[in-house]
Amino acid sequence: MHASVRRSDSRPRLLAAAMAAVAVAALSLTACGADGKGEGARQEGAASPQASVADPQPSGPAQGAQQGAPGAQSAAPAASTSHRAHGTGGTTGTGGTNGKGGTTGTGGKGGASHDPYAPENRVDCSTADVEVVATPVSRPLNHMLLTLTNKGSKMCDLKGYPVVKFEGAQSVPPVIEGSEPQAVTSLKPGAKGYAGVTLSSGEGSGGKGYTAQSLQIGFEGSNRMVGAVLQAKGVHVDNALRVTYWVTSPGDALN
């Protein structure tokens, strides 16, 4: 009886010991898990100083300014390089001296040079390209009108006054100074210019005079002459012989 009782008493003890061993093992596992969490916390704690170091850099005004300054310095040279590049490209603006190819705009002057009435295309009227007619007029008395027609293909300038040489004359008559126009008389092809000739004094103050049957007309600066048609009976001239400058209307020539 006592032996059976002892065996029954030992079973609870064994169970208690087994349970205690299980509890110890569980506690040790819990402790290991806790240690793992501690290391994780330490690793996070180790990472957090780096984060805390990284955080002040963007948020700190001084460090941000210092980091921003190198960025600005690096940006500034880049910008100046860009300006230099544009400036050099501006030297392509000297390629804009192709804009002086716009001096093809001076070619624009070349375009103006095709205008037959442009000053650079005018020529001096010459005896080879004109026709002159001499016509006596009733008013004023003892006057004659010279009518010159441009027969050439270019606009010509009638400069100065006509060189008038009557038959038998030893010299050419002087010009009436008050008759000079404000501008040179220029004639398009087919256009006419005029000059007046005072033939004689009328009251005898010009001497005896004579009747001329022929007349030649020349231009200042040239030795060539062109014949002018006179009326059949000729014209009377004396020492009062004078001429006007070339003008654009008969009225101005005879005034």
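Evaluation of the disulfide (SG to SG under 2.5 Å) test over residues 209-252, restricted to residues two or more places apart or in two chains, returns none.
A distance-only check finds a donor-acceptor pair linking the side chain of Asn150 to the backbone of Leu187 [under 3.5 Å]. Without hydrogens or angle criteria, Gln216 side chain to Gly227 main chain gives no donor-acceptor distance under 3.5 Å. For Asn121 (side chain) and Asp115 (main-chain N/O), a donor-acceptor pair under 3.5 Å exists by modelled atom type. Panel note: side chain Thr149, backbone Lys151; no donor-acceptor pair is recorded below 3.5 Å. Put simply, the side chain of Ser179 never gets that close to the backbone of Thr244: no donor and acceptor are under 3.5 Å apart. The closest donor-acceptor contact from the side chain of Tyr161 to the backbone of Glu180 lies at 3.5 Å or more, if one exists at all.
Electrostatic pairing of Lys208 and Asp238 does not count as a salt bridge here, judged by no charged N lying under 4.0 Å from a carboxylate O.
Inspection of the Lys192 and Thr147 side chains reveals no N or O donor paired with an N or O acceptor under 3.5 Å. His143 and Thr198 form a side-chain donor-acceptor contact under 3.5 Å, judged by distance and modelled atom types alone.
Hydrophobic clustering (side-chain heavy atoms under 4.5 Å, transitive across Ile, Leu, Val, Met, Phe, Trp, Tyr) keeps Tyr194 apart from Trp246. Linking ILVMFWY side-chain heavy atoms closer than 4.5 Å, directly or via other members, places Tyr245 and Val130 in a single hydrophobic cluster. Leu254 and Leu199 fall into different hydrophobic clusters, where Ile, Leu, Val, Met, Phe, Trp and Tyr side chains are chained together by heavy-atom contacts under 4.5 Å. Criterion: ILVMFWY side-chain heavy atoms under 4.5 Å apart, direct or through other members. Under it, Tyr210 and Met144 are part of a common hydrophobic cluster.
No side-chain heavy atom of Pro189 sits under 4.5 Å from any side-chain heavy atom of Lys154. Lys165 is not listed as a side-chain neighbour of Val163, based on a closest heavy-atom distance of 4.5 Å or more. Put simply, the side chain of Pro162 reaches to within 4.5 Å of the side chain of Leu146, judged on heavy atoms. Two residues are said to be in side-chain contact when any heavy atoms from C-beta on lie closer than 4.5 Å; Val164 and Ile217 meet this criterion. Counting heavy atoms from C-beta outward, Val133 and Thr135 have side chains that approach closer than 4.5 Å.
The two residues Ala212 and Phe166 have their closest heavy-atom pair at CB-CD2, 3.6 Å. Of all the heavy atoms in Lys159 and Glu220, the pair that sits closest is O-OE1, 3.7 Å. Between Ala134 and Leu230, the shortest heavy-atom distance links the atoms CB-CD2, 3.7 Å. The heavy-atom pair separating Gly206 from Ser201 by the smallest distance is N-OG, 3.0 Å.
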